[in-house]
Amino acid sequence: MVLLAFDTLDLEQIAKSGQCFRMTRLAPGVFRMPVGSVVVEARQVDAAHAAFHADMPDEDLRALLSSYLDAEGDYLAALSAIDPLDRYLTSAAAFGRGIRILRQPLWETLASFILSQNNNIPRIRSLITRLCGGENRPFPPACEVARLGEQALRSMGMGYRAGYLFRAAQRFTPAEEALLCSMPYPEARAHLMTYPGIGEKVANCICLFGLGFKEAFPVDVWVRRILAEHYPQGFPLLHSPNAGLYQQYMFAYERFLAQQKDECGSGRLPQAGNE
């Protein structure tokens, strides 16, 4: 068992944030969290601590989770950079305060967000579980997905996304991964957009959650609506080094507000993966 301390941490918020699709709530404050090929059980202790268990040496688990959960990130500094006169972002940050930007395996992130397009979170999770061969199975490497072939991927229910995923798997070699990891943010984003089926929003998600570029700012239907309603003159922190974190706060808060409205019968929620 490993106990880790953070400046802010809320596993429940992270699980709902749309960053990852294999984190499962087992009980209040308890989650199963596949990290690469390792299945971790995580338990919230308090607002700054969580306990983790996995079938591996504690020091290795500590190192794995410190990277995955961005333990070195200064989230209090990011919160303090918000203008208190910005009422919307202040409220969103207060709501999503415990969210951290996960640093996920790059291939898993790329493949998952290809499957996220025009999709909702339960269906994305279902597709990824089928691709993995079960909830607790490791995410298959690109070479295995390429060997499956496009038709097998279609048979899993991926539809048109199967072709995009198959071609990405063929292209994503160790050399390609090393190239992406060596690029600065603008180049990495542009390079990802040369993959069939990867547009600007998905490229930004991959940069944010798979390459650690916290300045990446994905814009989907939720964020587009926020920007139009609350920032018609432009989002003031769009070019900050923590723009992606602020996007996560806003995304989580807007989904919460929409859920409240939906429970009052105001209409259907947008899909989580819409462009």
Shortest non-hydrogen contact from [X] to [Y]?
X	Y	result
Tyr231	Pro236	CD2-CD, 3.6 Å
Ala169	Ala142	CB-O, 3.4 Å
Asp58	Val2	O-CG2, 3.5 Å
Met33	Ala42	CE-CB, 4.3 Å
Ile121	Gly18	CD1-CA, 4.4 Å
Val45	Ala51	CG2-N, 3.9 Å

Is [X] atom [atom1] crowded by more than 12 heavy atoms from other residues, nucleotides or ligands, each under 6.0 Å away?
X	atom1	result
His53	NE2	no
Asp55	CG	no
Arg130	CZ	yes

Leu131/Met156 under side-chain contact (heavy atoms from CB on, under 4.5 Å): CA gap, chis, key distance, verdict: CA-CA 8 Å; Leu131 184 63; Met156 295 179 190; 4.2 Å; yes
Would you say [Y] and [X] are linked by a side-chain donor-acceptor pair, where the criterion is simply a distance under 3.5 Å?
X	Y	value
Thr194	Arg171	yes
Asn204	Tyr185	yes
Tyr195	Glu176	yes

With respect to Cys132, which candidate in Ile128, Asn136, Thr129 satisfies the side chain to side chain contact (heavy atoms under 4.5 Å, CB included) definition?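 The single option meeting the side chain to side chain contact (heavy atoms under 4.5 Å, CB included) with Cys132 is Ile128.
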Does a side-chain N-to-carboxylate-O contact under 4.0 Å join [X] and [Y]?
X	Y	value
Glu41	Arg32	no
Lys16	Asp10	no
Arg225	Glu254	yes
Asp70	Lys214	yes

Could you walk me through whether Tyr246 and Ser240 pass the side-chain contact (heavy atoms from CB on, under 4.5 Å) test, one step at a time? CA-CA 9 Å; Tyr246 302 136; Ser240 88; 3.4 Å; yes
Quick one: pull up [atom1] in [X] and [atom2] in [Y] and give me the separation to the nearest 0.5 Å.
X	Y	atom1	atom2	result
Asp46	Gln44	CG	CD	7.5 Å
Ile206	Leu192	CD1	CG	5.0 Å
Ile99	Leu11	CD1	CG	12.0 Å
Arg103	Tyr68	CZ	OH	12.5 Å
Asn242	Phe217	CG	CZ	12.5 Å
Ser17	Gln248	OG	CD	4.5 Å

Using the rule given for ring pair (Phe, Tyr, Trp, His ring centres under 6.0 Å), can you reason through Phe6 versus Tyr75, listing the C-alpha separation, both sets of side-chain angles and the distance that settles it, and then say yes or no? CA-CA 9 Å; Phe6 302 87; Tyr75 286 72; 8.9 Å; no
Any side-chain heavy-atom pair of [X] and [Y] under 4.5 Å:
X	Y	value
Thr109	Leu208	no
Gln13	Tyr249	no
Val223	Gln247	yes
Ile226	Phe251	no
Val35	Leu102	no
Ile124	Asn120	no
His239	Glu215	no
Leu148	Phe166	no

So, does [X] use its side chain to make a donor-acceptor pair with the main chain of [Y] at under 3.5 Å?
X	Y	value
Gln19	Arg100	yes
Ser126	Pro122	no
Asn119	Leu115	yes
Ser66	Ala63	no
Arg161	Met158	yes
Ser182	Leu179	yes
Thr90	Arg87	no

Cluster check [X], [Y]: I/L/V/M/F/W/Y, side chain < 4.5 angstrom:
X	Y	result
Leu127	Tyr160	yes
Met23	Leu65	yes
Val39	Leu26	no
Leu61	Leu9	yes
Ile101	Phe21	yes

Under the 6.0 Å and 45° cation-pi test, does Arg43 pair with Phe52?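 Checked: cation-pi criterion not met.
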Could you please spell out the steps behind the side-chain contact (heavy atoms from CB on, under 4.5 Å) verdict for Phe113 and Ile198? CA-CA 9 Å; Phe113 279 95; Ile198 294 184; over 6 Å; no
Start with the C-alpha distance between Glu135 and Arg22, add both sets of side-chain angles, then the distance that settles salt bridge (charged side-chain N to carboxylate O under 4.0 Å, His left out), and finish with yes or no. CA-CA 7 Å; Glu135 287 191 354; Arg22 296 203 295 151; over 6 Å; no
As a quick check of understanding, evaluate side-chain contact (heavy atoms from CB on, under 4.5 Å) for Arg97 and Leu79, giving each step before the final call. CA-CA 8 Å; Arg97 179 183 175 91; Leu79 287 164; 3.5 Å; yes
What orientation do Phe139 and Trp107 show, parallel under 30°, tilted 30 to 60°, or perpendicular over 60°?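 The rings of Phe139 and Trp107 stand perpendicular, inter-plane angle above 60°.
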